[in-house]
Amino acid sequence: MALPRLLVRALHRAAAAAAPAAPDFNSFVTRTNTCGELRAAHVGQKVTLYGWVQYQRQGLFLVLRDFQGLTQVIIPQDEAHSHVKELLSNAPLESVLRVTGTVSPRPQGQENPKMPTGDIEVKAETAEILNPCKKLPFEIKDFIKKSEALRMQYRYLDLRSSRLQWALRLRSRVVMRMREYLCNLHGFVDVETPTLFKRTPGGAKEFLVPSREAGKFYSLPQSPQQFKQLLMVGGLDRYFQVARCYRDEGSRPDRQPEFTQIDIEMSFVDQAGIQRLIEGLLQHSWPEERGSIMTPFPSMTYEEALAEYGTDKPDTRFGMKIVDISEVLRGSNIHFVQNALSYPHGSIRAICIPQGVRYLTNKDLGSLKESAKSQFNQEIMEIICRPDGSLKSLLTKFLSEKEQSELIQALNMQEGDVVLLAAGEHKQVCSALGALRLLSANLLEAAGLALRDPTAFHFLWVVDFPLFLPKAENPTELESAHHPFTAPHPSDVSLLYSDPTKVRSQHYDLVLNGNEVGGGSIRIHSAEQQRFVLEKVLKEDTEVLSHLIEALEFGAPPHGGIALGLDRLISLIVDAPSIRDVIAFPKSFRGRDLMGNAPDYVTPEELEPYHIQVSWPLEEKEAKKN
């Protein structure tokens, strides 16, 4: 029995909606095709292409490039097309052309299997130089090395490279899939929050923006933290935003003063719910060309991460875990060992470097020891496992055969391994060995030992962070380990009022290959508890947060959230050496825009409405006079 015509149409529409069509790159423009789409099936068709001159050879052919790929264009040699030959033969590299011609198969034996368009060429019939290019500061080729400063000064040229084109387009696809997952599949509301706000206590330094009210300044928010909590108070239930954030952190190697995060908040959720959401979000948006990721992600506590990896963002792609050998050496007569173990948090720990004798030089071992000394004030002892299985070290004369055997067993030492041993306060020892673990891995890989799979993606949740940490400048005072709105662990709420140093938080970090790519927490939703944390524990003036505390008094629901660092995540997905390689217009290492020369001076007249005067250092005063 035939289906009714209207039902058939409805089914066709549903099928079309379910299977998204390939994007039409030629809609609304005057080209017929892109430079990357022509194939043997197009032979005989007349086409119009637009692009940049990538290469030109002896007036015979040129390669035209656009965002999607390359097409070889044959320059006509007959008299009737002499003007086309002259134009194409003399077009400077990177000039913008329009070429119309016929698609032809390449002569037999001249096909290029490395090019998607390598089976065809376009025989030019008409052409026009839409805009010539002057002498380039560098060649637009991925294999040509350019200084980063030059690339950033001419970022609009660097953006033409296939590497940056691919990274930015992949980033766009990932964000679109994230929107689809959050909004279409799980009912999140995309809300834009203000960029001009007020100073938030704690956390990173914020940029200040002057106002026309004397002495009053806005701050650029380091995150939409307060706004997303207020949206939960307002009953939106599920919020997300591709949020621009700002931190005035000065010169840091791989940070940006402005960055992007996928910001998320939910009402009536617990830590496990946030984790399931993010695992599903990443699985849904993960690029197919980067393989698949398995969920659920493994999880470990902050204390476990510190004890085994010496950091709260462990790279779990390789072993070399930190091993506690305190009990093995407790009965030894080694003075520095016994001295370390006499303290309440004393510890003896070590890492075992596989095949260290073969891959590490004496200079390498010396640099590892020096690094531990300079960064952590931590002395390091080395132990080498000889071919006969015996140990070579300054320590062996103090160790019995039984203790040496137990040490070999505890560290699973093999012939040719090198052990780095540290004794002292637990956190300092673990932090030092954690740094040496990563430095050793770099040295081993530089020497040719494959240790970390560059195609592997190891996600990890780190949980149960401390809620507060001693201030570096005054250890008797406390500061938030993350931010002051993080809720205490349910089991530790009573400790908040008796011994806040022992309180664990409901904070969670998402780590990928040793990099923090996300962090969030369940929030304090009680005004009374929030006021106690700010006033009694952190000694902060609550006036600056009075609006938030008051909001919590009007029936605020339990809520929590997370923010994913989009720049860092994408840079890891595409294996970029820096987050600057996945941002269209990044700032330099020192936070400058080298292309537009920002920040820049403004005149006293421009500052006058803001009641600001600049006090110049003497040398700058003289420079401005001259």
Side-chain angles (χ1 to χ4, degrees), residues 21-144 154 156-166 168-169 172-173:
D24 182 1
F25 293 117
N26 302 309
S27 54
F28 317 118
V29 294
T30 52
R31 66 175 174 240
T32 60
N33 301 88
T34 67
C35 294
E37 70 174 294
L38 295 176
R39 303 289 187 272
H42 296 92
V43 168
Q45 293 183 16
K46 191 168 184 176
V47 297
T48 297
L49 307 178
Y50 289 81
W52 287 263
V53 180
Q54 169 102 349
Y55 175 76
Q56 193 268 121
R57 183 177 180 185
Q58 299 176 348
L60 298 175
F61 69 87
L62 60 80
V63 175
L64 202 64
R65 183 197 72 246
D66 67 7
F67 69 93
Q68 201 178 35
L70 308 170
T71 295
Q72 181 168 289
V73 176
I74 301 300
I75 300 173
Q77 304 297 311
D78 58 302
E79 188 63 31
H81 293 90
S82 59
H83 62 291
V84 178
K85 178 181 179 181
E86 182 180 359
L87 184 146
L88 294 180
S89 299
N90 296 314
L93 293 181
E94 292 303 310
S95 296
V96 186
L97 303 187
R98 176 188 57 78
V99 174
T100 297
T102 303
V103 182
S104 303
R106 290 199 187 188
Q108 191 171 1
Q110 294 185 22
E111 300 91 346
N112 185 351
K114 294 180 180 179
M115 286 176 64
T117 61
D119 290 335
I120 60 92
E121 56 194 18
V122 172
K123 292 185 176 177
E125 297 167 13
T126 64
E128 180 185 358
I129 297 181
L130 301 175
N131 208 340
C133 179
K134 70 176 186 178
K135 183 176 171 57
L136 292 161
F138 54 80
E139 289 188 67
I140 314 294
K141 292 177 181 174
D142 288 339
F143 60 85
I144 300 292
Y154 295 95
Y156 44 83
L157 294 179
D158 199 33
L159 285 169
R160 294 181 187 176
S161 69
S162 60
R163 173 184 44 78
L164 265 178
Q165 288 272 333
W166 176 65
L168 291 175
R169 292 175 189 280
S172 175
R173 292 202 315 271

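Side-chain atoms are counted along with the backbone in the values below, which use heavy atoms only and exclude waters and symmetry mates.
- A 4.5 Å side-chain heavy-atom check between Pro107 and Glu121 finds at least one atom pair inside the cut-off.
- In this model, no donor atom of one side chain and acceptor atom of the other lie less than 3.5 Å apart for Thr32 and Thr48.
- With a 6.0 Å radius and a threshold of 12 heavy atoms from other residues, nucleotides or ligands, Glu79 has its CD atom at or below the threshold.
- Looking at heavy atoms from C-beta onward, Val103 lies in side-chain contact with Val122 at the 4.5 angstrom threshold.
- Here the CG-CG distance, from Leu97 to Asp66, works out to 12.0 Å after rounding to the nearest 0.5 Å.
- The side chain to side chain donor-acceptor pair (under 3.5 Å) test with Glu94 singles out one residue from Arg65, Lys134, Gln54, and that residue is Arg65.
- How far CZ of Arg31 is from CD of Glu37: 8.0 Å, rounded to the nearest 0.5 Å.
- Arg169 meets the side-chain hydrogen bond (donor to acceptor under 3.5 Å, both in side chains) test with Gln165; sequence neighbours excluded.
- Partners of Tyr154 by side chain to side chain contact (heavy atoms under 4.5 Å, CB included), not counting sequence neighbours, listed by chain and number: Pro137, Phe138, Leu150, Tyr156, Leu157.
- With no hydrogens or angles considered, no side-chain donor-acceptor pair links Asn112 and Gln72 at under 3.5 Å.
- Put simply, the side chain of Arg57 does not reach to within 4.5 Å of the side chain of Val63, judged on heavy atoms.
- Taking CD of Gln56 as the reference point, atom CG of Leu93 lies at 8.0 Å (rounded to 0.5 Å).
- Across Val53 and Leu64, no two heavy atoms sit closer than the pair N-CD1, 4.3 Å.
- Looking at Glu111, its side chain does come within 3.5 Å of a backbone N or O of Gly109 through a donor-acceptor pair.
- Nearest heavy-atom pair across Pro92 and Cys133 is CB-O, 3.5 Å.
- For the side chain to side chain donor-acceptor pair (under 3.5 Å) test with Thr102, the passing option among Lys123, Glu125, Lys46 is Glu125; the others fail.
- Around atom CD of Glu128, more than 12 heavy atoms belonging to other residues, nucleotides or ligands sit under 6.0 Å away.
- Contact record, Val99 with Ala124: CG1-CB, 3.9 Å, taken as the closest heavy-atom pair.
- Looking only at side-chain heavy atoms (C-beta outward), Ile75 and Val84 stay at 4.5 Å or farther from each other.
- In this structure, CG in Leu70 is found 8.5 Å from OG in Ser162, a value given to the nearest 0.5 Å.
- Considering every non-hydrogen atom in both Cys35 and Leu49, the closest pair reads SG-CB, 4.4 Å.
- Put simply, CZ on Phe61 and CD on Gln110 are 9.0 Å apart, with the number rounded to the nearest 0.5 Å.
- Closest heavy-atom contact between Val29 and Asn26: CG2-O, 3.5 Å.
- Side chains of Leu168 and Leu159 form a contact here, defined as non-hydrogen atoms less than 4.5 Å apart.
- Atoms OG and CG, from Ser95 and Asn131 in turn, are 7.5 Å apart once rounded to the nearest 0.5 Å.
- Scanning all heavy atoms of the two residues, the minimum distance from Thr117 to Leu38 falls at CG2-O, 3.4 Å.
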